[in-house]
Amino acid sequence: EVQLVESGGGLVQAGGSLRLSCAASGFTFDTSAIGWFRQAPGKEREGVACISSGDGSTYYADTVNGRFTISTDNAKNTVYLQMNSLKPEDTAVYYCAADLTSGGWGPVSPRFNRFNYWGQGTQVTVSS
């Protein structure tokens with residue numbers, strides 16, 4: 001059974017940092033792509049960052065580029081999202097999702113990958 005479990009959310013002041021973790025199980029991690037998405041109340045879901053677990057190719061949305069970093073620990077089947085210089089507009093529920101068909105290499109994006117497996121989400125709140 002595919003499982004994705006997010007952790008690390010919380011309340012932080014603007015300018016602060018948080019690191020989200022996504023623990024994956026039930027599939028071959030090295031041949032997958034993992035994405036972090038977020039959804040704020042009343043807004044559409046946004047693909048924030050993605051990574052190919054095999055070769056480390058990454059994608060970042062313009063809204064977070066330069067502030068967020070996605071990485072993997074393949075030995076632990078875990079994906080991280082390091083979030084720095086947080087802004088109130090980063091407040092959302094953050095989800096990780098997996099594309100098991102990607103092969104784990106090459107360009108990755110929330111638009112073209114098939115992120116069919118989702119975690120339950122973790123709340124990030126940034127106060128001003």
Side-chain angles (χ1 to χ4, degrees):
E1 178 186 6
V2 174
Q3 287 193 325
L4 300 165
V5 180
E6 303 97 334
S7 61
L11 173 65
V12 64
Q13 288 188 335
S17 298
L18 281 175
R19 189 177 80 158
L20 305 183
S21 299
C22 173
S25 61
F27 61 95
T28 304
F29 187 81
D30 293 355
T31 59
S32 69
I34 305 293
W36 282 100
F37 295 77
R38 67 186 181 186
Q39 189 161 23
K43 294 188 176 181
E44 291 188 357
R45 186 175 66 197
E46 177 187 15
V48 172
C50 307
I51 189 166
S52 291
S53 298
D55 69 1
S57 298
T58 58
Y59 160 92
Y60 294 97
D62 290 343
T63 51
V64 306
N65 196 22
R67 300 187 297 123
F68 290 11
T69 302
I70 189 170
S71 63
T72 67
D73 183 337
N74 288 27
K76 296 182 178 180
N77 287 2
T78 300
V79 180
Y80 302 100
L81 185 67
Q82 178 66 45
M83 306 186 295
N84 298 330
S85 302
L86 283 162
K87 304 174 181 180
E89 51 263 45
D90 294 319
T91 295
V93 178
Y94 283 71
Y95 302 89
C96 68
D99 173 2
L100 275 54
T101 67
S102 78
W105 59 274
V108 60
S109 82
R111 181 176 180 181
F112 295 114
N113 282 79
R114 299 174 183 176
F115 291 105
N116 291 329
Y117 297 89
W118 293 81
Q120 82 288 351
T122 186
Q123 176 71 47
V124 171
T125 303
V126 184
S127 63
S128 57

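This one's a predicted model, so the numbers in the text were calculated from it and none came from an experiment.
No continuous path of ILVMFWY side-chain contacts below 4.5 Å connects Phe115 to Val64, so the two sit in separate hydrophobic clusters. Tracing side-chain contacts under 4.5 Å through hydrophobic residues (I, L, V, M, F, W, Y), one never reaches Tyr80 starting from Ile34; they form parts of separate clusters. If you chain together hydrophobic residues whose side chains sit under 4.5 Å apart, Val126 and Tyr95 never meet in one group. Leu81 and Val93 are not part of a single hydrophobic cluster, where members link through side-chain heavy atoms under 4.5 Å apart.
Note on ring orientation: taking the six-membered ring where Trp is involved, the planes of Phe37 and Trp118 are tilted (angle from 30° to 60°).
Counting all heavy atoms, side chain and backbone alike, Tyr59 lies closest to Pro110 at CE2-CD, 3.2 Å. Closest of all the heavy-atom pairs between Ser21 and Thr78 is CB-CG2, 4.3 Å. Shown here for Leu86 and Leu18, the closest heavy-atom pair between the two residues is CD1-N, 3.8 Å. The minimum heavy-atom distance linking Ser32 with Ser102 is given by the pair C-OG, 3.2 Å. Contact record, Leu20 with Trp36: CB-CH2, 3.6 Å, taken as the closest heavy-atom pair. Closest of all the heavy-atom pairs between Val108 and Ala33 is CG2-CB, 3.9 Å.
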Can you check side-chain contact (heavy atoms from CB on, under 4.5 Å) on Phe27 and Asn77, steps first, answer last?
CA-CA 10 Å; Phe27 61 95; Asn77 287 2; over 6 Å; no

With side-chain contact (heavy atoms from CB on, under 4.5 Å) as the criterion, how do Met83 and Val124 come out once you've worked through the C-alpha distance, each side chain's angles and the decisive distance to 0.1 Å?
CA-CA 10 Å; Met83 306 186 295; Val124 171; 3.9 Å; yes

side-chain contact (heavy atoms from CB on, under 4.5 Å) assessment of Leu100 paired with Asn116:
CA-CA 8 Å; Leu100 275 54; Asn116 291 329; over 6 Å; no

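In this structure, Asp55 contributes its side chain and Trp105 its backbone to no donor-acceptor pair below 3.5 Å. In this structure a side-chain-to-backbone donor-acceptor pair under 3.5 Å is present from Ser52 to Gly106. No donor-acceptor pair closer than 3.5 Å links the side chain of Thr91 to the backbone N or O of Thr125.
Note: Asp90 CG to Asn84 CG = 10.5 Å, rounded to the nearest 0.5 Å. Expressed to the nearest 0.5 Å, how far CD of Gln3 lies from CD of Gln120 amounts to 9.5 Å. Atom NZ of Lys87 is separated from atom OG1 of Thr63 by 8.5 Å, given to the nearest 0.5 angstrom. Arg67 CZ to Ser85 OG: the interatomic distance, rounded to the nearest 0.5 Å, is 7.0 Å. The line from CD of Glu46 to CD of Glu44 is 10.0 Å long, rounded to the nearest 0.5 Å. To the nearest 0.5 Å, atom NZ of residue Lys76 and atom CG of residue Asn74 are 12.0 Å apart.
Using a 3.5 Å distance cut-off with no hydrogens or angles, the side chains of Ser71 and Gln82 do not pair a donor with an acceptor.
Residues passing the disulfide bond (SG atoms under 2.5 Å apart) test with Cys22 are Cys96, sequence neighbours excluded.
Two residues are said to be in side-chain contact when any heavy atoms from C-beta on lie closer than 4.5 Å; Val48 and Tyr60 fail this criterion. In this structure, Phe29 and Thr72 have side chains that are in contact, with non-hydrogen atoms separated by less than 4.5 Å. For the pair Phe112/Pro107, no side-chain contact is recorded, criterion being any heavy-atom separation below 4.5 Å from C-beta on.
Taking the ring axis of Tyr94 as reference, the NZ or CZ atom of Arg38 does not stay both within 45° of it and closer than 6.0 Å to the ring centre.
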